> 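Let me begin by handing over the structure; questions about it come next.
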Amino acid sequence: MKGRKNTRPESFFESALAAYNQVREYAEIVERNFEIGGYRVKLQFGGEALLPIITPALEHLTAETSGNANFTICLWDSESTGIRMPRPPWKDSAYLARGVIQGFNNETFHTSFHAGSNILSLVDFSRNLAIFWTPSASEVPYYEIGAPLRAILQAWMSRNNRQLTHAAAVGSSEGAVLLVGRGGSGKSTTAVACLQSPLKYISDDYCLISTSGPARVFSLYNTAKLDAKMLKRFPNLFAAVRNKNELIAEKALLFIHHKYPDKLKKKLPLKAILLPRVTGKDKTHIMEVSAAEALAGLAPSTIFQLPGAGRETFQAMARLARELPSMRLELGLDFEEIPKVIGQALLEVVS
Amino acid sequence: MNTFDSYAINTSKITHELIDGEVVIINFDSGNYYCLNKTGADIWEFIQRHFPIADMVAALSQKYTASQEDIRSSLHEIMTKLQDEMLIIAYEGNGESNPSKTEVSSSDQKVPFEAPLLQKFDDMQELILLDPIHEVDESGWPRAQKEPGNRTTDGTSNQG
């Protein structure tokens, strides 16, 4: 690329890191520590503008004390700090599907740019170091607040025996079920319906699953998203909605940690895969389905949403689908019945 | 359908897993994903081993109770679909051609023939095709334009 500097992923990463280090000279560095997927993750914010964007969804995973981090993420935005990111050294044609930057991803580096959110995500796997940058914290879309750092966490966690997964998860002391399926299948409704039951809540939209050893699910974000129409079925949750004034254009975004802190469970052994389906009938039922159907419900929405998720992600999910029983959860209109059916299914699976 | 001597999986575009006798396939380029039933999974295995069509018919006839004519017709139909979806491509090497090497021995009882079925799901297609119109600002970075109306959710369009 004639005239372009930093044309290799390593040199661009260094130039981005140099920009972050400039931020340190002009803005306060605010540190937050979290336990994510069993790992200590340190977030170092250049200035405070990104704190209310990134931290609320992770709040329930706040580490009690600071310590040696397994993974460090440096974050800043240019608007509040005045420090720009160096110009991209790649051509416009390098922006591939899911934000992957052609030529800037290899065994050591991840580089992606989510154009819809204006978020650049860089990871240096050799140093367990990442950079998160956006031009303006104030322009970050609401959905990033509900599920922040997805690209960075997908990239690093997938190399550390954890797979970021598009799934809801709820459970009991017996273990957890993974709720999977395409949009509109009822995953979020099912997860939220369990909040007023003895079942514990792990996730709505994304969670982490182990890819080695016994199957486990880890909480990642304490958020839930419901469309405005479904929110009416849960009137007691309205006070927990963060974006009350935007419900015509956006799904309701709820922070479960604020409303139901005792309901959140950070991790559980994974016992079954459930595929919810809205039936419009009165009663909720469970029926067995094939592992292939479970895999088809589980894998595509994760793979097609997350940059860098590919064959290895699919293989990890196939292992899970082979290992765990799979069932279809035929959702009835009585929401109080749903967690009872799930609880009973868990008892039967573990017995 | 373009007819070739034998075929191969189009591995440059897709990934696949055999799971409990069925096959799940993901096409990274198109955003489509597929399920093949048990008969389809048999055929998928034959394709992986580059069986000529005639040998696929022979192998399926060993396993299933249907006539060769019915099998040939169903096979033609599924192969056409697999080609149309760009899941398989022509194979120009030397494939396996001895049906006796299939896992079905002549002493095994034949099972009823269920036509091979390729289920296609395209609900994820819009995620791959999603390309927010962006202009590059003076810093060189793209800035997404806000689209009117229908981008209501998490950039993944009604996921959740």
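Quick caveat, the model's predicted, so the values are computed rather than measured. In what follows, chains are A, B, ... by sequence order, proteins preceding strands, each numbered from 1.
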> Once you round to the nearest 0.5 Å, how far does CD of B:Gln119 lie from CD of A:Glu293?
8.0 Å
> Any chance you could measure A:Arg322, atom CZ, to B:Leu18, atom CG, to the nearest 0.5 Å?
7.0 Å
> For a quick test of reading the model, state the closest non-hydrogen atom pair linking A:Ala321 to B:Ile19 and the distance between them.
CB-CD1, 3.6 Å
> To the nearest 0.5 Å, tell me how far B:Asp20 CG sits from A:Ser326 OG.
8.5 Å
> Return the orientation label for the A:Phe304 and B:Phe28 ring planes: parallel under 30°, perpendicular over 60°, tilted otherwise.
perpendicular
> Contact part of B:Phe121 toward chain A, heavy-atom cut-off under 4.5 Å: side chain, backbone, both or neither?
side chain
> Once the angle between the rings of B:Trp141 and A:Phe12 is folded into 0 to 90°, is it parallel (under 30°), tilted (30 to 60°) or perpendicular (over 60°)?
tilted
> Give the C-alpha distance, both sets of side-chain angles, the deciding distance and a yes or no for side-chain contact (heavy atoms from CB on, under 4.5 Å) between B:Glu22 and A:Ser290.
CA-CA 9 Å; B:Glu22 297 174 297; A:Ser290 69; 3.1 Å; yes
> Near A:Glu323 CD, under 6.0 Å, is it more than 12 heavy atoms from other residues, nucleotides or ligands?
yes
> Counting only heavy atoms closer than 4.5 Å, note whether A:Leu120 contacts chain B via side chain, backbone, both or neither.
side chain
> Donor-acceptor check, side chain of A:Arg87 to backbone of B:Glu138, threshold 3.5 angstrom: yes or no?
yes
> To the nearest 0.5 Å, tell me how far A:Asn118 CG sits from B:Asp137 CG.
8.5 Å
> Does B:Met124 form a side-chain contact (heavy atoms from CB on, under 4.5 Å) with A:Gln305? I'd like the steps, not just the answer.
CA-CA 9 Å; B:Met124 298 288 155; A:Gln305 288 187 59; 5.7 Å; no
> B:Ser139 and A:Pro88: which non-hydrogen atoms are nearest, and at how many Å?
O-CD, 4.1 Å
> Could you tell me whether a side-chain N or O of A:Arg311 sits under 3.5 Å from a main-chain N or O of B:Ile14, the two making a donor and an acceptor?
yes
> Using heavy-atom distances under 4.5 Å, tell me whether A:Glu139 contacts chain B through its side chain, its backbone, both, or neither.
side chain
> Tell me every residue that passes salt bridge (charged side-chain N to carboxylate O under 4.0 Å, His left out) with A:Lys244, counting only those two or more places apart in sequence or in another chain.
none
> Are more than 12 heavy atoms, taken from residues, nucleotides or ligands other than B:Glu114, located less than 6.0 Å from that residue's CD atom?
no
> Side chain, backbone, both or neither: which part of A:Ile303 has a heavy atom under 4.5 Å from chain B?
side chain
> Just to verify, what does B:Gln48 make a side chain to side chain contact (heavy atoms under 4.5 Å, CB included) with, not counting sequence neighbours?
B:Ile9, B:His16, B:Trp44
> With only heavy atoms counted, which part of A:Pro300 is less than 4.5 Å from chain B, the side chain, the backbone, both or neither?
both
